Amino acid sequence: MSLVVYNTLSRKKEEFKPIHEGLVGIYVCGPTVYSDAHVGHAKSYVSFDIIVRYLRFLGYKVLYIQNITDVGHLLDDGEDRMLKQSRIEKTHPMQIAETITRSYFEDMDALGVGRPDISPRASGHIIEQIEIIKELLKKGNAYEVNGSVYFDVRTFKDYGKLSGRTLDELIEGTRVEVRSEKRNPEDFALWKKAEPEHIMRWQSPWGEGFPGWHVECSAMSMKYLGEHFDIHGGGLDNQFPHHECEIAQSEAATGKPFAKYWIHNNLVTVNGQKMSKSLGNFVTLKDLFKKYDPLVVRFFILQSQYRSTLDFSEQAIESSRTGLAKLRNTVRRLRQEIDFRKRASSFGKSDKSGDVKKFREAFVEAMNDDFNAPKAIAVLFDLVTNVNSWLDDPSAPLTEASLEAFDKFFWESASGVLGILRKEDAASSSADGTTITSVMDLVIKIRNEARKQKLWSMSDMVRDGLKAIGIALEDKKEETVWKKID
RNA sequence: GGCGCGGUACCCAAGUGGUAAGGGAGAGGUCUGCAAAACCUUUAUGCGCCGGUUCGAUCCCGGCCCGCGCCUCCA
């Protein structure tokens with residue numbers, strides 16, 4: 001079975017076949033950098049992180065482009081947040097863009113989201129945007145009015161093919177007041193003339209101004225991936241008008257089909273309602289990370305499919321925390337078991353390594369079905385239960401090969417593809433030779449001596465004391481293990 | 001109003017024309033000095049409601065109710 005991807009363009013799942021064998025070019029709409037990222041952004045970028053990771057897992061050479069929007073959403077309605085913010089803080093808007101961009105990457109790094117191969121800034125691609133606009137003017141798909149340039153939607157017959165809207169519906173349904181400047185209300189801006197108070201402005205053939213809402217993505221995606229490329233992704237809320245307009249201007253300019261597959265992630269809701277900056281019901285990642293390990297947030301997100309909405313609540317994320325701890329515990333325990341038995345040279349005879357293949361196939365099958373991470377996670381939890389019960393069974397200890405095979409599989413799936421484990425989770429509590437390890441070995445030795453003499457109050461004092469400083473002790477049958485409390 | 005999506009147990013959430021994954025929470029048990037961890041058993045005759053197609057529907061079709069998204073910057 002091969003990878004199947006839901007393509008918004010066709011509204012169905014399609015077999016994934018890249019344009020050039022073995023290579024995948026993917027462009028994802030990045031953040032508009034005017035305020036800190038929230039859980040909704042995390043869902044989007046974690047989703048595409050999984051897609052990129054999985055494509056690489058399958059052996060594709062992936063080129064991942066994700067832009068930074070630092071200009072272009074600057075409207076002349078006086079309500080623009082970035083300009084407003086820059087006025088309040090008395091700083092240049094580019095300083096805000098820079099600060100928020102850093103903050104964004106900080107958050108994404110914490111979530112284990114791999115950096116895109118290229119993070120192009122819109123403001124750094126003004127020339128490319130102007131080139132597209134010139135081309136559209138030349139071809140008669142755009143017109144200039146008073147220093148601004150608009151795309152003439154009626155010249156592009158395929159307008160609406162992504163969002164499933166027709167021009168007639170748009171005209172009837174439009175809630176935008178007719179701008180006298182535009183020929184038709186459905187037309188959109190490619191270039192806007194800068195009013196005197198507008199700080200971010202560039203020279204253009206049409207005078208000083210700034211690029212419109214949608215050109216940046218056309219310019220940057222085509223610059224780095226070519227005029228026709230494999231995947232364009234983004235949030236569902238960008239489907240219309242942003243992506244629809246991108247298609248129109250790109251295809252009109254080049255005469256070629258734009259992206260082959262359109263992938264849209266669904267939204268995070270709070271009490272069933274969209275979490276968004278404008279509704280004000282958002283939780284910033286920085287705040288959330290004060291209370292929860294970022295990987296818990298990542299795990300929480302991956303427990304629902306990227307095309308489903310995900311309802312955010314403390315209870316839901318709390319249960320993810322416990323759930324992830326269970327997975328981590330098992331992976332850690334497995335590693336400890338391997339190290340313990342290595343030192344004791346006492347591996348068993350029970351061979352379960354063949355089962356790895358079964359679990360691996362189930363995992364791949366889940367991911368092949370439009371990156372079904374929740375299903376893949378369910379496979380991992382089945383394995384967790386199996387591994388734990390095998391480890392619990394003293395009558396049939398596993399062979400070294402079995403243990404190593406499971407360990408390896410956990411790492412390539414849960415860490416490599418899903419990114420919900422980090423290296424420290426593997427750290428054996430007894431084999432890395434650091435000072436704390438040596439100290440803990442000694443503490444455990446002393447405490448076990450106390451336990452041998454049934455000095456319970458003393459041994460409990462040690463355990464409680466360690467707990468207070470964030471270290472948990474677990475008394476197993478053969479040994480006592482310690483771990484940092486998550 | 002137009003277009004689109006969704007309603008699965010206490011919560012989150014997969015899924016299939018043949019009788020409901022997984023996680024959390026709850027209950028009982030095993031293990032254990034205690035704790036923790038883990039394991040076992042258990043918790044939806046039921047998948048918004050009503051019809052239809054079918055040997056059989058939660059999954060297909062039609063109608064209805066409810067919620068949400070987009071149509072305006074938003075991941």
Side-chain angles (χ1 to χ4, degrees), chain A residues 11 28-32 34-35 37-48 69 72-75 77 79-82 160 163-166 168-177 213 233-242 264-269 271-279 282 299-300 303-305 307-327 329-330 333 366 369 372-382 384-385 387-393 451 454 456-457 459-460 463-464 467 472-477 481 483:
Chain A
R11 303 207 171 268
V28 173
C29 287
T32 300
Y34 68 89
S35 69
H38 61 250
V39 185
H41 296 93
K43 174 163 162 75
S44 184
Y45 300 118
V46 165
S47 297
F48 286 104
T69 297
H73 286 163
L74 304 181
L75 310 179
D77 56 18
E79 273 304 316
D80 178 76
R81 288 196 178 89
M82 210 141 131
S163 57
R165 289 155 209 263
T166 67
D168 294 339
E169 288 162 4
L170 276 174
I171 295 161
E172 282 171 27
T174 188
R175 275 157 40 185
V176 189
E177 80 286 13
W213 314 348
L236 200 60
D237 48 354
N238 270 332
Q239 196 178 103
F240 188 89
H242 186 54
H264 290 98
N265 64 277
N266 215 132
L267 308 156
V268 173
T269 57
N271 296 322
Q273 263 210 325
K274 174 183 176 178
M275 177 185 286
S276 75
K277 289 181 183 175
S278 48
L279 287 175
F282 62 91
F299 179 69
F300 168 67
Q303 277 183 298
S304 86
Q305 215 266 354
R307 283 193 292 116
S308 305
T309 53
L310 172 61
D311 204 53
F312 177 86
S313 67
E314 286 274 328
Q315 192 187 3
I317 200 159
E318 189 62 47
S319 65
S320 291
R321 193 170 68 99
T322 318
L324 182 59
K326 180 175 180 172
L327 177 67
N329 278 338
T330 302
R333 182 183 176 196
D369 183 13
N372 196 327
K375 212 168 166 185
I377 287 172
V379 171
L380 293 184
F381 274 96
D382 283 340
V384 162
T385 302
V387 165
N388 277 321
S389 52
W390 288 328
L391 293 181
D392 275 351
D393 182 3
R451 289 175 67 216
K454 298 193 192 301
W456 306 130
S457 64
S459 56
D460 287 349
R463 188 174 58 201
D464 293 345
K467 190 178 175 186
L473 286 188
E474 290 177 14
D475 296 320
K476 306 285 184 182
K477 280 206 177 72
V481 298
K483 64 180 182 188

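Labels below follow one simple rule: chain letters A, B, ... track the order of the sequence lines, proteins then strands, and each chain is numbered from 1. If you're wondering where the values come from, they're calculated on a predicted model, not measured in any experiment.
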RNA chain B: 5'-proximal contact among A:Arg11 and A:Cys29 (nearest heavy atom): A:Arg11
B:G4 OP1/OP2 closer than 4.0 Å to side-chain N/O of A:Ser163: no
Under-4.0 Å side-chain N/O to phosphate OP1/OP2 contact, A:Lys274 with B:C70: yes
A:Asp237 CG - B:G69 P separation (whole Å): 11 Å
Close side-chain approach of A:Leu327 and A:Phe381, heavy atoms under 4.5 Å: yes
Sugar-phosphate, base or nothing in reach of A:His264, heavy atoms under 4.0 Å: nothing
Whole angstrom value for the distance that separates C1' of B:A13 from CD of A:Gln305: 11 Å
Candidate nucleotides B:A36, B:G69, B:C31, ranked by approach to the side chain of A:Leu279 - the nearest: B:G69
Test item: A:Asn265 and A:Arg307 side chains (from C-beta on) under 4.5 Å apart, heavy atoms: no
Residue matched to B:C68 through Watson-Crick or wobble contacts both under 3.5 angstrom: B:G4
Touch class at under 4.0 angstrom, heavy-atom based, for A:Asp311 against every strand present: sugar-phosphate
Nucleotide nearest A:Trp213 (side chain, heavy atoms from C-beta), chosen from B:C73, B:C74, B:G33: B:C73
Rounded distance (Å) that lies between atom P of B:G23 and atom CZ of A:Arg321: 18 Å
Given B:C71, B:G24, B:C34, the nucleotide with the shortest approach to the side chain of A:Arg165: B:C71
5' precedence on RNA chain B between A:Thr330 and A:Pro241 (nearest-nucleotide basis): A:Thr330
Phosphate contact (B:C74 OP1 or OP2) by A:Asn238 side-chain N/O below 4.0 Å: yes
Length of the CD-C1' vector between A:Gln273 and B:C66, whole Å: 15 Å
Within 45° cone of A:Phe312 ring axis and under 6.0 Å: A:Lys43 NZ or CZ: no
Residue pair A:Gln239 / A:Ser163: nearest heavy atoms and the distance that separates them: OE1-CA, 3.9 Å
Pairing partner (Watson-Crick or G-U wobble, both distances under 3.5 angstrom) of B:C60: B:G52
Protein-nucleotide distance (A:Leu236, atom CG; B:C71, atom C1'), rounded to Å: 13 Å
Phosphate-side-chain proximity, A:Ser308 and B:C5, N/O vs OP1/OP2 below 4.0 Å: no
Of the listed nucleotides B:G33, B:C74, B:A13, the one nearest the side chain of A:Ser276: B:C74
Under-4.0 Å side-chain N/O to phosphate OP1/OP2 contact, A:Asn388 with B:C39: yes
